[in-house]
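Chain identifiers are assigned alphabetically (A, B, ...) following the order of the sequence lines, protein sequences preceding nucleic acid strands; residue numbering begins at 1 within each chain.
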There are 2 protein chains.
Amino acid sequence: MCQDGHVDKPKTVPERRAGALTRDRVVAVATEILDEQGETGLTFRALAARLQTGHGAIQWHVANKGELLGAATAAIVTSAVGEARPDAVPRQAVHDIALGVFDVMDAHPWLGRQLVGSAWEPTTLWVFELLGRQVAKMCTTPTDQFNATSALLTYIIGAGGREAANAGAPEAARERQELLDTMSQFWGGLDPRRYEFTRSVAESLRTHSDRAVFVAGIDLVLAGINSKKTGIGTNI
Amino acid sequence: MCQDGHVDKPKTVPERRAGALTRDRVVAVATEILDEQGETGLTFRALAARLQTGHGAIQWHVANKGELLGAATAAIVTSAVGEARPDAVPRQAVHDIALGVFDVMDAHPWLGRQLVGSAWEPTTLWVFELLGRQVAKMCTTPTDQFNATSALLTYIIGAGGREAANAGAPEAARERQELLDTMSQFWGGLDPRRYEFTRSVAESLRTHSDRAVFVAGIDLVLAGINSKKTGIGTNI
DNA sequence: ACCTGAACACCGTTCAAGT
DNA sequence: ACCTGAACACCGTTCAAGT
């Protein structure tokens, strides 16, 4: 297209083609595909097609698919959870961290399963660290701190996994509210003898906000931590 | 081998071969393979080989792999979580349910990922129902009950997913304690400025029991529920 | 009804070969 | 060093054909 005359380009960018193939670019485009088509849509061949190269070339930058998914996960989550504001009270700081992870899991539904599957990868460890600093202000012993932080981490990541499962449900095309209406009606029609509780919360299912329910769970854990500190609620 | 004379067999068992191929048998053998080799080891071909049939035959009984995994999951979990003892206090009953799921996830590491991935399948819904009945004795409004039960379910299933991730870690062959020692040493050697908290709980990691940490998390949520009921701990 | 096995489309990964 | 593309082994699923 462009007529390329003899222009003295500054030698800052030694690119060899329009978009040089770097590991970052591979990961970025992989994230695009993941967001559009989910985990099953991401193949080395689809990735190669979009990057306009052979699929073998990609594997020079990332060894295998697991590494590719891991890198995409790390890039997103790390930038999502920043340092806590130094003046924030522990509860607020934990909210910030938890919701940071939650929102990013909501925006990239494939993230949930990925984070669940990676036990103590650097990304997970960093979230653990950030949560732990706040928990440390609320618990006395290291063991209590370890337990409480583990609980928060397990809950947060578990929520993401379930969010991902919901997003990838049978009819993903259907509207969320329409799906909740159908499910709520199903719950309401269950056998009262076997599903007395589920029936009783059918309306809550219909009107609930995933995010609000998520935060409510965080607050329950935090309240549990706090009640333990004050010595109240230990004998339930 | 056996000489088959004209024996009048009772016509109770119309079996056509030693082990007739039923859906239950397919699921049972699939579970065997899953326990031995994990999710990647379960293929229709491997299953067919062990069942001594063609791999197409299996697909007459179970339509696809998802259904196979779902059936295996349902069979195990349903039998693991029984009805709660009527005389148990809520906390004890929740422990029974939660530990029932945890132990079965621990025995079948592939279960975790499977339960995380199935959002509101009958199996999950049943655990939700059982948990909810106990929570209903501790919370007032349906919304609080819904939120609290969701939190417990998310935590329990999330824990199973992370357990599964740990079991499928790089060197699965290594002993658990050896792996914890290595990890603990790594945590202890982290940069004190970036990982002050993680460093401080390195010893807790080394000596912790997965099951105890799991229960501690359950108790935090329960304490949170209780503190909300008593109106204490709402302002953390 | 239940079972068989060939065939199809697709995948991750490897690797000899290029520049 | 970076990239190419053929080749390999393997998978889930389909389906015409048998009993």
Strand partner of C:dC11, provided both Watson-Crick or wobble distances fall under 3.5 Å: none
Within 6.0 Å of CD in A:E32, more than 12 heavy atoms from elsewhere: yes
In whole Å, I'd like the distance from the CG atom of A:L47 to the P atom of D:dT4. 13 Å
Euclidean distance, atom NZ of residue A:K65 to atom C1' of C:dC10 [Å, nearest integer]: 11 Å
Interatomic distance where CG belongs to A:L51 and C1' belongs to D:dG5 [whole Å]: 16 Å
C:dC2 and D:dA17, which share atom name P, separated by this distance in whole Å: 22 Å
Nearest-nucleotide 5' precedence on DNA chain C, A:A63 against B:G54: B:G54
Out of C:dT13, D:dT13, D:dC2, minimum distance to the side chain of B:N64 belongs to D:dT13
Which whole-number value in Å describes the distance from B:H55 NE2 to D:dG12 C1'? 8 Å
Which one of B:T73, B:D103, B:D35 satisfies the side chain to side chain donor-acceptor pair (under 3.5 Å) criterion with B:H108? B:D35
Any chance you could lay out the side chain to side chain contact (heavy atoms under 4.5 Å, CB included) test for A:D210 and A:F102, step after step, and finish with the verdict? CA-CA 10 Å; A:D210 287 352; A:F102 181 85; 4.2 Å; yes
Starting the side chain at C-beta, find the nucleotide from D:dC3, C:dG12, C:dA7 nearest to A:F44. C:dG12
Checking D:dA7, D:dG12, C:dC11 against the side chain of A:T43 (C-beta onward), the nearest is C:dC11
Before we go on, tell me: are the rings of B:W187 and A:F128 under 6.0 Å apart, centre to centre? yes
Rounded to the Å, how far apart are B:L21 CG and C:dA1 P? 16 Å
NA contact type, B:L68, heavy-atom cut-off 4.0 Å: base, sugar-phosphate, or nothing? nothing
Report yes if a side-chain nitrogen or oxygen of A:H61 is closer than 4.0 Å to either non-bridging phosphate oxygen (OP1 or OP2) of D:dC3; otherwise report no. yes
What is the separation between atom CD on A:Q37 and atom P on C:dC10, rounded to the nearest whole Å? 13 Å
For B:G188, does its backbone N or O pair with a side-chain atom of B:R199 as donor and acceptor, under 3.5 Å? yes
Which of C:dC2, D:dC2, D:dT14 is nearest the side chain of B:W60? It is C:dC2
Between D:dC3, C:dT13, D:dT4, which one does the side chain of A:T53 approach most closely? D:dT4
In whole Å, I'd like the distance from the CD atom of B:Q59 to the C1' atom of D:dA17. 17 Å
Of the nucleotides D:dC2, D:dT14, C:dC11, which has the atom closest to the A:R45 side chain? C:dC11
Have a look at B:I58 and say if it touches a base, only the backbone sugar-phosphate, or nothing, with a 4.0 Å heavy-atom cut-off. nothing
Nucleotide opposite C:dT19 in a Watson-Crick or G-U pair, distances under 3.5 Å: D:dA1
